[in-house]
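As the structure is a computational prediction, the values presented were derived from the model and not from experiment. Chain letters run A, B, ... following the sequence lines, proteins first, then strands; residues in each count from 1.
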Number of protein chains: 2
Amino acid sequence: MARTQAERRADTRDRLLQAAAARFAADGIDGASIDAIADDADRTSGSVYAHFGSKEGLLLALLDSWKNDVAVAATAEMATAPTMPGRLAALWRNFADPPNDGAHWVQLEHELWLYATRHADARDQLADRYRDIRRTVRDEMGQWRASGDITPPVADDVLGALLVALLIGLEMQHRLDPDAIDERVALAGLAALLGVTEPTEVMT
Amino acid sequence: MARTQAERRADTRDRLLQAAAARFAADGIDGASIDAIADDADRTSGSVYAHFGSKEGLLLALLDSWKNDVAVAATAEMATAPTMPGRLAALWRNFADPPNDGAHWVQLEHELWLYATRHADARDQLADRYRDIRRTVRDEMGQWRASGDITPPVADDVLGALLVALLIGLEMQHRLDPDAIDERVALAGLAALLGVTEPTEVMT
DNA sequence: GTCTATATACCGATAGAC
DNA sequence: GTCTATCGGTATATAGAC
């Protein structure tokens, strides 16, 4: 694969970005060295500078390419569950205990957030992404409300922000103390914000 | 002040811890150098090693001494507001736009959380602190419920975790996009979780 | 206990061969 | 475009004077 120069170049770029995502998540943005990232991508540090110019350039490119399929993947898996509590449980599990090797995307998200608080460029980009996520969630919940599955006690335009906030905050506490912040807590919170009236039986 | 050796030693220790908190928050745990911390404390790097042995030792000592007066300070200011929406607004403001120079404690909290995800010792300590915070919030809300000020749609034992989660998640989004995540959004979320039935008029 | 000076190591970035 | 070699800077941590 990757016969032409352009293809090889694109392949190297992808490898570097993927390695950077994994390394940043594992060791932190500061803790991850250019050499380590390049090694993971089976390249050398020189290639990083040829493609991105600097470590910051690499990070901004990563932030740009970082398609957060969370909302998509989450809603996709949610659709498979028949009952509402089952759907909410699937949503929570995707956050708390990611199934695939996508286990590191949550960690990377926190790394990027902390970086963004100190760099205006990254902050603007990340702010855009979170706006998109909120909008996606809001639209989805609007449909649920319209179909009568839920009766949220708040307006649709704030529901996205509240759900995202609750999931992030619960996930952070869950990481510190998995037993204390379990599925039962998450389901209670989601049900309260969404106005799920039926008894919240857990579907396992 | 600090005449005796013990007093001077304790004074140096306090200075170093305070400087470490500020530097860690400002530059990140990795980004903050021992020299910079010592300089802020009007000491030298040697004193850090005399007191804490290493940078990690300094951080663990900071984590240990880090009395999170958030719950205390927040509830204190909340008590001054007469109406329930006013109290909730005070709670949110303490998070979103801290009044004093305590502006950096939120940032430090995120730094510590990220560090804790990679170090078991710190994780256990931080987990304990969050348990305390949840318990404090839960007890406070239990009193409000008993006095009829609120009628939460969830059980008391999960209410602490949900409120903490919502506030953390909203604050993170607020930092990226202050205009999108404003007091109105926060009040709607808090009111939903707490079961504040009266129209949520904002008290300014 | 605190400071000065220094050892040691690593990182980001650059230069030049190919 | 990618690699090898290296420079310059800075970090943690230590040794020894006082």
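- Comparing D/dT2, D/dT12, C/dT2 by their closest approach to the side chain of B/A50 singles out C/dT2.
- The distance from atom CZ of A/F52 to atom C1' of D/dG1 is 13 Å, rounded to the nearest whole Å.
- B/D39 has its CG atom 14 Å from the C1' atom of C/dT2, to the nearest Å.
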Both distances under 3.5 Å, Watson-Crick or G-U wobble: on that basis, could you give the dot-bracket string for DNA chain C, with [ ] for crossing pairs and | for other-strand partners? ||||||||||||||||||

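- The distance from atom CD1 of B/I34 to atom C1' of C/dT2 is 16 Å, rounded to the nearest whole Å.
- In this entry the distance linking OH of B/Y49 with P of D/dT12 reads 6 Å, nearest Å.
- Contact annotation for B/A38: no contact, since no heavy-atom pair falls under 4.0 Å across all strands.
- In this entry the distance linking CD1 of B/I37 with C1' of C/dT2 reads 17 Å, nearest Å.
- Here A/S54 contributes atom OG and A/I34 contributes atom CD1; the two are 8.0 Å apart, rounded to the nearest 0.5 Å.
- For the 3.5 Å distance criterion, the side chains of A/E109 and A/W66 qualify, holding a donor opposite an acceptor.
- Where A/G46 and A/G31 each meet DNA chain C at their nearest nucleotide, the meeting point lying more 5' is that of A/G31.
- In this structure, of D/dA13, C/dT2, D/dT12, it is D/dA13 that holds the atom nearest to the side chain of B/S54.
- Looking at the side chain of B/K55, the nearest of the listed nucleotides D/dT12, C/dG12, C/dC3 is D/dT12.
- The ring pair (Phe, Tyr, Trp, His ring centres under 6.0 Å) test applied to B/H174 returns B/W92, not counting sequence neighbours.
- Side chain to side chain, A/S33 and A/D35 fail the donor-acceptor criterion of an N or O pair below 3.5 Å.
- Listed pair B/T44 / C/dC3 meets the phosphate criterion, a side-chain N or O lying under 4.0 Å from OP1 or OP2.
- In this structure, of C/dA13, D/dC3, C/dT4, it is C/dA13 that holds the atom nearest to the side chain of A/S45.
- Rounded to whole Å, atom P of C/dG1 lies 15 Å from atom CD of B/E7.
- Rounded to a whole Å, the CZ atom of B/R43 is 6 Å from the P atom of C/dC3.
- Nucleic acid contact class of A/A6 (heavy atoms, under 4.0 Å, all strands): none.
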Can A/R135 and A/D132 be said to form a salt bridge (Lys or Arg N to Asp or Glu O under 4.0 Å), step by step? CA-CA 5 Å; A/R135 185 159 37 80; A/D132 285 345; 2.6 Å; yes

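- The pair B/E56-B/R118 does not count as a salt bridge, with every side-chain nitrogen at least 4.0 angstrom from each carboxylate oxygen.
- Between A/F95 and A/W105, the ring planes are perpendicular. Angles over 60° get that label, and only those under 30° would be called parallel.
- Nearest nucleotide to the side chain of A/S33, out of C/dC11, D/dT2, D/dA5: C/dC11.
- If you measure from atom CG of B/D35 to atom P of D/dG9, you get 17 Å, rounded to the nearest angstrom.
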